[in-house]
**Q** 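One structure coming up, written as structure tokens, with questions to follow.
A note on names: the letters A, B, ... follow the listed sequences, proteins ahead of strands, and every chain is numbered from 1. Quick note: numbers below take in every heavy atom, side chains included, and nothing from hydrogens, waters or symmetry partners.
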Amino acid sequence: MDIPSKYNPELVEDKWYKYWMDKGFFHSEPDERTPYTIVIPPPNVTGVLHMGHMLNNTIQDILVRRARMLGMNACWVPGTDHASIATEAKVVNKLKNEGIDKYDLSRDEFLNHAWEWTHKHGGIILEQLKKLGASCDWDRTCFTMDEARSESVIKTFVDLHNKGLIYRGVRMVNWDPSAKTAVSDEEVIYKEVQSKLYYLKYMIEGSDNEFVTIATTRPETILGDTAVCINPNDERFQHLKGKRVLVPLINRSIPIIEDEYVDMEFGTGCLKITPAHDIHDYEIGITHNLESIDIFTDEGTLNEKAQLYVGQDRFEVRDVIVADLDKAGNVAKIEDYTNKVGYSERTDVVIEPKLSTQWFLKMEELVKPALENVMNDNIQFHPAKFKNVYRHWMGNIKDWCISRQLWWGHRIPVYYLDNGKFVVAENDAAALEEARKLTGDANLTMDALRQDEDVLDTWFSSWLWPISVFDGVRNPDNKEVEYYYPTNDLITGHDIIFFWIARMIITGYEYRQQFPFKNVYFTGMVRDKQGRKMSKQLGNSPDPIDLMKIYGADGVRIGMLFCSPAGGDLLFDESLPEQGRNFSAKIWNAFRLVKNWEVDANIPQPEHARIGIEWFTEKLKEITATMNDHFDKFRISDALMTVYTAVRDEFSSWLLEIVKPEYQKPIDKKTYDEVINLFDQVLRLLHPFMPFITEELWQMLEERKDGESIMVAEWPAANDANTALVNNFESLKETISGLRKIRKDKNIPNRDQIELMIHAAEGSYFEEFNEVLKKMGNLSSISLVNEEVKGAISFRVKASEFYVPLNDLIDPEEELKKLEEELKYTQGFLNSVMKKLSNERFVQNAPEKVVTIERNKQADAELKIKMLEERINSLKG
RNA sequence: GGGCGAUUAGCUCAGUUGGUUCAGAGCACUUGGUUUACACCCAAGGGGUCAUAAGUUCGAAUCUUAUAUCGCCCA
């Protein structure tokens, strides 16, 4: 076989992905096997693959591939999310660049543009996932706005409304003046900004020189003031009670009210109240029955109610009004001030608190089972610390504002009549029927109905995802949802625990009386080496596609996982995929070594090879068991590290070196076949992490039939490893390391044979491994002795002592120094052991196993000390 | 201000319900190596008072309390 000396991922990856697709390995249909289901966290339809997706989807693919190899019916459902705000913003922007204003278009015209955009860009990210090797069932690809999903969303709205859980209310919302929509609390990012605290004087009504001073960061809002508030306990302001003040510039008379909400320490202790533009002021306004004067337009400019600066932007007005106030003598002072200001996650403009009519979902009852079943571990979080965060949020839940003032999304199925009443229905026809019933007018036509202009929050569709992808909302009893739901694992970032995870759990219990997934695995954020978030502005995010071209998809996959514990942030650096690429090369080269051996069926298997294979066979069971344990506990990084070191150290450096025939000599058939078999097993353990290279090698390892694939090969068994053999072998390795150290210290070339004499003790020297010891140590002979050997360099493994006779090369002083250091250490060790053993309470209270271990330590240490002392005396003598 | 979490080797982090030589891994570092699979490698090494202090225990990186520093969420 002609094997290229270097692994070239580009020649391999597309080929095997196509093979897997052609053979239908990714596709799942319900059958009698146990299902293993994951639904993808649907990426944003306008998005392109970034490093966060890479991490997240690599983990999903690993879990799905392993489940498949374990014989489960694995189904990974892919799809995308319509992302109302982000997509609409992009489409609006694109139209703007073409000279088209959104508001010159009809709703339908705009939606046509949005769909066009979606069809053009919507599939990109899914195609990119294929490069990563994602084994999604592409036949099941869903979109939150396709027909089945859309109908599910509308049906759910109607149902929740009928249950009395959806209501219309006026609330202070987070208004995004750029997107012209309300956004949820979770979509507001608070940033620390350098601003100013303005101290403004308000004249007291009926007086020419008396005034109160208030402090504000937002002087432009004074035009909406409807009161000034003091703390009733504040001694300084007792004389103001019951008086009124004049709003500067417009001279509106407003009352001085009293409320303990006012912090006497902050600012001047006098607070201006602007109920329409601050959430706390709004609440005080309600308590004190104050008027709300909304001075802003939806675009964030001032309206006629402000009286001044009408039509100007809120931030422009801030500068202008301060100058005017100063001129008018109302500015007492201006201080630098650092505060936190909310910005829209989507458009990055400053959020304006605004009174607005919106649709809300009552959460109080809905969250109960969702909270309970996380706290009692029916749903498990990995890592579990996120339970606390979850409990805190769910315990302080507020009603969910589900309407958005946008066009792209699911239009709210509420139809208004002229008389202000409304009906809620799944479609126009049903709405008309309802309306006719409501009005008693059988001749009513659609013209009399006006559908709500707003759409639903995107999360109101994605919270149905684990159900709706199996069409379980429209058809709750269908075969697919019955089979695949609940799903097994959800892999997602902890940043959307409330947006999405909590809400999916809520719908799971509301609509299927069951959790949507058994486990939630939280990934951390991918950051750059300095710990900064990856962002376009910083330009610190590499393009995953480029990375895969350079390092191979497998290399990038494992690079992402090398340092990625659950929930912890991943500090990405290009050395990681590089390490992954290097590992691919290592496996490739191991394969080249094995496949290039000349096989001779006529020679018998040497003893050292027999031992090596027997050992590795057992070791592999242990490795598999360790990996299984890591997987069970969602320690994906640890599972990878286990197989990584297994390949590098145990397989390549030990097994292959042990069985490797002498230069230019053939290998016996038995050993060869067994090594091929072990290689096959190792590739299987690697496959979930590195699907491409493992398939390539597995196909070349032996003759394969069309339709065979490592993807559907069985996961290796882990039962009943011979742990005694494996442990004994560790002593052998230690002995060989000891010999290597001597060679290094004394500059003895590896090709020169040396002699070894052993003063053996039980449990640390095993004669049955002699052939391996001889080969790996390049020994001319091994002999047993009963006493110390003079003129030799020695080392100890546990209680056995090993001697290499090297008269000429020994430096007695150096040897003595080493021996004395070792003696000192061992004596110290013995002391600590004896301290424990002489403590009666330890012997009485500690488990017997622990005591026995300490006794063994004592015996070993005593024996070792005796040998060391003999050596030292003999060298001195 | 309220809550949650973290602090272990130069860096990033494990440490599984307190007990095997338990102080670990990977990377980085030092030294040696043209042993023909691999320098994208191999071998051998150095490196930490487990943030600090007190406590519980026969025994603490692990449990308790306080302090310091940092991070996240909420206000």
Side-chain angles (χ1 to χ4, degrees), chain A residues 3 5-7 185-186 190 263 279-280 340 383 385-393 395-396 398 494-495 497-498 524-525 527 529 531 551-552 555 561-573 575-576 578-597 629-630 632-633 635 637-638 640-642 644-645 648-649 652-653 656-657 660 662-664 727 736-745 747 749-752 778 798 825-826 829 832-833 835-854 856-857 860-861:
Chain A
I3 307 164
S5 66
K6 296 254 188 279
Y7 173 58
D185 290 346
E186 287 79 10
Y190 288 88
D263 181 351
I279 180 71
H280 301 109
K340 291 204 167 173
K385 66 179 179 187
F386 286 104
K387 277 167 76 174
N388 288 331
V389 182
Y390 181 85
R391 183 185 54 209
H392 191 253
W393 192 75
N396 297 287
K398 286 183 268 177
H494 60 73
D495 51 332
I497 184 168
F498 310 130
M525 301 289 101
R527 297 171 179 275
K529 212 181 171 181
Y551 301 107
L561 279 176
F562 270 133
C563 59
S564 172
D569 286 354
L570 183 155
L571 270 58
F572 183 83
D573 182 75
S575 68
L576 292 168
E578 189 184 334
Q579 198 190 335
R581 188 264 323 262
N582 295 352
F583 186 48
S584 298
K586 180 73 188 176
I587 302 164
W588 185 259
N589 284 314
F591 179 79
R592 284 206 302 140
L593 171 70
V594 171
K595 283 307 270 192
N596 283 329
W597 281 333
D629 185 48
H630 286 319
D632 290 346
K633 291 167 181 157
R635 294 185 194 139
S637 254
D638 290 350
L640 170 62
M641 202 45 76
T642 303
Y644 178 81
T645 52
R648 286 208 106 90
D649 300 343
S652 298
S653 297
L656 294 184
E657 292 300 332
K660 192 195 247 180
E662 280 178 61
Y663 181 49
Q664 287 190 332
N727 291 340
I736 294 166
S737 288
L739 289 168
R740 286 172 176 162
K741 192 166 184 317
I742 288 177
R743 283 184 185 275
K744 192 186 174 214
D745 289 349
N747 260 322
N750 288 328
R751 67 183 93 81
D752 292 358
N778 195 16
K798 297 202 181 79
Y825 173 84
T826 313
F829 177 70
S832 75
V833 173
K835 210 168 139 191
K836 282 189 201 175
L837 284 171
S838 57
N839 182 336
E840 256 178 59
R841 282 184 293 183
F842 170 75
V843 180
Q844 277 167 13
N845 294 329
E848 203 180 305
K849 204 173 81 182
V850 176
V851 178
T852 311
I853 287 162
E854 293 301 317
N856 289 341
K857 284 191 210 165
D860 269 9

**Q** Could you give me the CA-CA distance, side-chain angles and deciding distance for A:Tyr7 and A:Phe591, then say whether ring pair (Phe, Tyr, Trp, His ring centres under 6.0 Å) is met?
**A** CA-CA 11 Å; A:Tyr7 173 58; A:Phe591 179 79; over 10 Å; no
**Q** B:G5 and B:A51: how far apart are their C1' atoms, nearest whole angstrom?
**A**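 Result for the C1' pair: 15 Å, nearest Å.
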**Q** Rounded to whole angstrom units, what separation is found between the CG atom of A:Asn396 and the P atom of B:A75?
**A**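 A:Asn396 atom CG is separated from B:A75 atom P by 10 Å.
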**Q** Closest nucleotide of RNA chain B for A:Met641 versus for A:Phe583: which of these residues is on the 5' side?
**A**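 Closest to the 5' end, via its nearest nucleotide, is A:Met641.
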**Q** Please state how far atom NZ in A:Lys835 lies from atom P in B:G59, giving the value in whole angstrom units.
**A**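 Distance, rounded to whole Å: 10 Å.
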**Q** When all nucleic acid strands are considered with a 4.0 Å heavy-atom cut-off, which category describes A:Lys849: base, sugar-phosphate, or nothing?
**A**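 Result for A:Lys849 = nothing.
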**Q** Given B:G19, B:C38, B:C40, which nucleotide is nearest the side-chain atoms of A:Ala846?
**A**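 Given the options B:G19, B:C38, B:C40, the side chain of A:Ala846 is closest to B:G19.
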**Q** When the P atoms of B:C40 and B:A23 are compared, how many Å lie between them, rounded to an integer?
**A**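 My reading of the P atoms in B:A23 and B:C40 gives 36 Å.
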**Q** Rounded to whole Å, please give me the gap between CD1 in A:Ile853 and P in B:C22.
**A**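 My rounded result for the distance is 11 Å.
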**Q** Given B:C40, B:C58, B:C27, which nucleotide is nearest the side-chain atoms of A:Ala585?
**A**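 Comparing B:C40, B:C58, B:C27 against the side chain of A:Ala585, the answer is B:C40.
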**Q** Classify A:Lys660 by what it touches in the nucleic acid, base, sugar-phosphate, or nothing, heavy-atom distance under 4.0 Å.
**A**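 Counting heavy atoms under 4.0 Å across all strands, the contact made by A:Lys660 includes a base.
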**Q** In whole Å, I'd like the distance from the CG atom of A:Asn750 to the P atom of B:U35.
**A**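 Roughly 9 Å, once rounded to whole Å.
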**Q** Identify whether any heavy atom of A:Pro847 sits under 4.0 Å from a base atom; if not, whether one sits that close to sugar-phosphate; answer base, sugar-phosphate or nothing.
**A**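 Result for A:Pro847 = base.
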**Q** Does A:Asp638 reach a base, just sugar-phosphate, or nothing at all? Heavy atoms under 4.0 Å.
**A**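 The residue A:Asp638 makes sugar-phosphate contact but no base contact.
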**Q** Is A:Tyr663 touching bases, backbone alone, or none of the nucleic acid, heavy atoms closer than 4.0 Å?
**A**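 Result for A:Tyr663 = base.
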**Q** How is the base pairing of RNA chain B summarised as a dot-bracket string, given the Watson-Crick and G-U wobble criteria with both distances under 3.5 Å, [ ] for crossing and | for another strand?
**A** (((((((..((((.....[....)))).(((((.......))))).....(((((..]....)))))))))))).
**Q** How does protein contact run along nucleotides 42-49 of chain B, one letter per nucleotide 5' to 3', with B for base contact, S for sugar-phosphate only, - for none, heavy atoms under 4.0 Å?
**A** SSBS----
**Q** Among B:A37, B:A25, B:U36, which nucleotide sits nearest the side chain of A:Glu657?
**A**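 It is B:A37.
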**Q** Would you mind telling me which of B:G19, B:C40, B:U35 lies closest to the side-chain atoms of A:Val850?
**A**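 So the side chain of A:Val850 is nearest to B:G19.
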**Q** Mind checking if A:Asn839 touches a base, just sugar-phosphate, or nothing, with heavy atoms under 4.0 Å?
**A**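 A:Asn839: backbone/sugar contact only, no base atoms under 4.0 Å.
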**Q** What is the nucleic acid contact for A:Glu840, judged by heavy atoms within less than 4.0 Å: base, sugar-phosphate only, or nothing?
**A**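 Result for A:Glu840 = nothing.
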**Q** Which whole-number value in Å describes the distance from A:Leu570 CG to B:C27 P?
**A**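 Taking CG of A:Leu570 and P of B:C27, I get 16 Å after rounding.
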**Q** With heavy atoms under 4.0 Å as the rule, sort A:Tyr7 into base, sugar-phosphate or nothing.
**A**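 It contacts nothing in the nucleic acid.
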**Q** Could you give the CG-to-P distance, from A:Leu561 to B:A14, as a whole number of Å?
**A**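 Going from CG in A:Leu561 over to P in B:A14 covers 14 Å.
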**Q** Considering only B:U16, B:C58, B:U20, which nucleotide approaches the side chain of A:Lys633 most closely?
**A**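 That would be B:U16.
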**Q** NA contact type, A:Arg635, heavy-atom cut-off 4.0 Å: base, sugar-phosphate, or nothing?
**A**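 Contact class for A:Arg635: base.
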**Q** Without decimals, in angstroms, what is the distance between A:Leu593 CG and B:A37 P?
**A**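 Rounding to the nearest Å, CG of A:Leu593 and P of B:A37 are 6 Å apart.
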**Q** Which letters describe nucleotides 3-11 of chain B, given B = protein heavy atom under 4.0 Å from base, S = only from sugar-phosphate, - = neither?
**A** SSS------
**Q** First locate atom NE2 of A:His494, then atom CD1 of A:Ile497, and finally report the distance between them rounded to the nearest 0.5 Å.
**A**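 It is 9.5 Å, given to the nearest 0.5 Å.
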